[in-house]
There are 2 protein chains.
Amino acid sequence: MLYEGGEEGTMNVTIKDVAKRANVAPSTVSRVIANSSRISQRTKDKVREAMKELGYHPNFNARSLANQNTKTLGVVMPNSANKTFQNPFFPEVIRGISSKARELDYGLYLSTGQTEEEIYQEVQNMVQGKRVDAIILLYSRVNDRVMNYLYEQHFPFTVIGRPYDEKNMDITYVNNDNYRASKMVTEYLLLLGHERIAFIGGNLDFVVTVDHMEGYKDALENAEVAVRNDFTVFHEELQEGGQEAVIDLMSLPERPTALVVADDIMTFGVLRMLDEMGISVPEDLSIISFNNVLISELSHPPMTTVDINIYGLGYEAANCAIEKIMNPEIETKQVIIPHRLVKRQSCKKNEASISTS
Amino acid sequence: MLYEGGEEGTMNVTIKDVAKRANVAPSTVSRVIANSSRISQRTKDKVREAMKELGYHPNFNARSLANQNTKTLGVVMPNSANKTFQNPFFPEVIRGISSKARELDYGLYLSTGQTEEEIYQEVQNMVQGKRVDAIILLYSRVNDRVMNYLYEQHFPFTVIGRPYDEKNMDITYVNNDNYRASKMVTEYLLLLGHERIAFIGGNLDFVVTVDHMEGYKDALENAEVAVRNDFTVFHEELQEGGQEAVIDLMSLPERPTALVVADDIMTFGVLRMLDEMGISVPEDLSIISFNNVLISELSHPPMTTVDINIYGLGYEAANCAIEKIMNPEIETKQVIIPHRLVKRQSCKKNEASISTS
DNA sequence: ATGAAAGCGCTAACAG
DNA sequence: CTGTTAGCGCTTTCAT
């Protein structure tokens, strides 16, 4: 039943035990662990042998204490009380982060805070308690206390998204060009002959929402289509938000013929509500969305959406964070992960306009 | 710009600095941190004052080293290479775990392994490297190396799900009664007049799949309906699996009139494929699923599914893990989280049978 | 009620 | 190339 397993089940075997067993000094063992080049192959073999025999595993805390580093990355999620958290976006970024972290032998420490205040406290503990070597922020809020704190402390960190106030905060971040993506998407709808294009955004506290909105507006303005207030709505909750937005928009005397929706999950809500109302997509209404999470292709109808390469965002963020750890003096950098439109079946030419065009 | 912030930006303030400032010994400061009852209130105040002034934060690694505990829980996910990972199940369990962990001031350390081997190595490091005080396994595979290892080491851990070999492994776990849930669901379909009920299971390496299958079979047998091999299929990948399963099943000379599907996300795949084939749910085919993740209500049509209280699973698992830490001699326990059927619109009476009944 | 000192397990000068 | 030694920052006997 026992899988391999060291000698004893119990007492911790330390570097000293190994040293004794191998007839060398503890420091030598330490050097072998670090695979120092100044140790003879013979000794290395001898020590490694002893380690194996005793089932030695280095104690992480001791090492961190002596080293002043932890080989772990702190990952900060938005407050988990919120349902945003349920977005499949998160497992996917984490997969990306994990992947890079693994490559370079970093571990992941997760924030668990449910409120902004809790998160702030936690981050403080991570930083000052030396629990992590760097932090990755999985969101970027408009005036974020946590980000400000990290910035002031000169603690290595990366954000996924971007600081709202980019001019005054020189920060390393990984982001999509959400402005351009949103603009492009709106233009696409315009090209399909739509003019009454509504926008359903997320929480306006998030920078991504602002960027989406501006892209949308600029596209309309460039096309000389008026931006209407009743056509831009924002909702915090993903699913309910999508549903409520539809109610608002479809109650308007003049209904939109196309929708730009901030998030795929929200789009699921939108589609559901539309279905209940008997409005068909894309026949009566075209929809285009953002993120391309895995289930997106399974909506009814399959949604056209912008793939933002979530995995890549995570991977790059981890990369930047680790670079910062290795070289704290490194200049900040801004990585833009390319997006791409994934055409499926939720968009269609606007029939009404065809005659007029 | 600076948020509060201690005195200096730079050098680490330690317990000694605080001691000096407060005119006490380091040990006294330590006792104040632990809020020892043998310290006068006066001294406590004085020390706390000094801590505040200096912006003191305890060093976690030092503390862990001295204490032999870390106040952190290791969370082990299934291999993240697999797409299983994208299941919204995970954010939700983690939310549950976080919640309990927070209450008791525990942190979360996440496994990042992409292969079984990597995970095994990682867990070994967590355990022997004293990185965590206990481990929560987020899955239960049929003959899991990690679980066996933890068991052999007598390391505190909990699994979500259950050991396959329950008789021989006395393990604390948190689970649903997946057998009963599956049986109930099948019986429900039977009551609706269905007899040709097919079963689409997940990866047979997971214990939950086995339990589902047995519940399904027993329900049929009790009703004296023959269990047909061509009606039980298993698929690993969630979305593709669902789609492929449908192809298999609908190619059969005698098609099923109802489906029991192992997972909501899989059901999305099933619904998508069915839609493409022009088979309508629930008119032509009834479907019932498991998990009730958040988006489940947004399928087309909204799916009937079994709510397994994912959050609760996580919360209880964390609870058990921490109990084990506090009292390693505590007896193992098995917690069953209740499930409940959430009726929506994917099931319907079997018309064919109505006449014959 | 508080201080002195040893030690948790490892690393990193400094010697040789 | 390898050993000696002094910490890393905190906790915890053992004194007082």
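To find a chain, count down the sequence lines: A is the first, B the second, and so on, and within it residues start at 1.
Side-chain nitrogen and oxygen atoms of S64(A) include none within less than 4.0 Å of the OP1 or OP2 phosphate oxygen of dC8(D). Within the 4.0 Å cut-off from OP1 or OP2 of dT11(D), at least one side-chain nitrogen or oxygen of R63(B) is found. Phosphate contact (OP1/OP2 of dT12(D), side-chain N/O of N67(B), threshold under 4.0 Å): present. Contact annotation: T28(B) reaches the phosphate of dG3(C) (side-chain N/O to OP1 or OP2, under 4.0 Å). Side-chain N/O atoms of T14(A) include none lying less than 4.0 angstrom from OP1 or OP2 on dG9(C). The phosphate of dC8(C) (OP1 or OP2) has no side-chain N or O of N61(A) nearer than 4.0 angstrom. Residue S40(B) places at least one side-chain N or O under 4.0 Å from the OP1 or OP2 atom of dT2(C).
Across all strands shown, N23(B) has heavy atoms under 4.0 Å from sugar-phosphate atoms exclusively, and none from any base. Within the nucleic acid shown, F60(B) has no heavy atom closer than 4.0 Å to any nucleic acid atom. Residue-level contact check: S27(A) touches the bases, meaning some heavy atom is under 4.0 Å from a base atom.
Between the side chain of R31(B) and the base of dT13(D) there is at least one donor-acceptor pair of N/O atoms closer than 3.5 Å.
One can place NZ of K20(A) at 15 Å from C1' of dG3(D), the figure rounded to the nearest angstrom. Atom-to-atom, NZ of K71(A) to P of dT11(C) comes out at 12 Å; the value is rounded to the nearest Å. Rounded to whole angstrom, the span from the CG atom of N59(A) across to the C1' atom of dC8(D) amounts to 13 Å. Taking atom CG of residue N35(B) and atom C1' of nucleotide dT11(D), one finds them 16 Å apart after rounding to whole Å. Taking atom NZ of K16(A) as the reference point, atom C1' of dT2(D) lies 18 Å away to the nearest angstrom. Put simply, CG on N12(A) is 17 Å from P on dG7(C), counting in whole angstrom units. Taking atom NE2 of residue H57(B) and atom P of nucleotide dG9(D), one finds them 15 Å apart after rounding to whole Å. The interatomic distance linking L65(A) (CG) with dC10(D) (P) rounds to 9 Å, in whole Å.
No cation-pi contact links R145(A) to Y149(A), judged by a cut-off of 6.0 Å to the six-membered ring centre and 45° from its axis.
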Test side chain to side chain contact (heavy atoms under 4.5 Å, CB included) on V127(B) and H57(A) and set out the steps. CA-CA 9 Å; V127(B) 172; H57(A) 272 260; over 6 Å; no

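Each of T43(B) and K130(B) was assigned the nucleotide of DNA chain C with the nearest heavy atom; the assignment lying further toward the 5' end belongs to T43(B). Nearest-nucleotide positions on DNA chain C for K44(B) and A62(B) put K44(B) closer to the 5' end.
Side chain of T28(B) to backbone of V24(B): no donor-acceptor contact under 3.5 angstrom is found.
Comparing atom distances between the V24(A) side chain and each of dG3(D), dG9(D), dC10(C) picks out dG3(D) as nearest. Candidate nucleotides dT11(D), dG3(D), dG9(C) were compared by shortest atom distance to the side chain of I15(B), and dT11(D) ranks first. Checking dT2(C), dG9(D), dC1(D) against every side-chain atom of I39(B), the shortest atom distance belongs to dT2(C).
With a 4.5 Å cut-off on side-chain heavy atoms, L73(B) and I322(B) count as touching.
A salt bridge links K333(B) to E323(B): at least one charged side-chain nitrogen sits closer than 4.0 Å to a carboxylate oxygen.
By the 6.0 Å contact criterion, CD on E331(B) is open, its count of non-hydrogen atoms from other residues, nucleotides or ligands being 12 or less.
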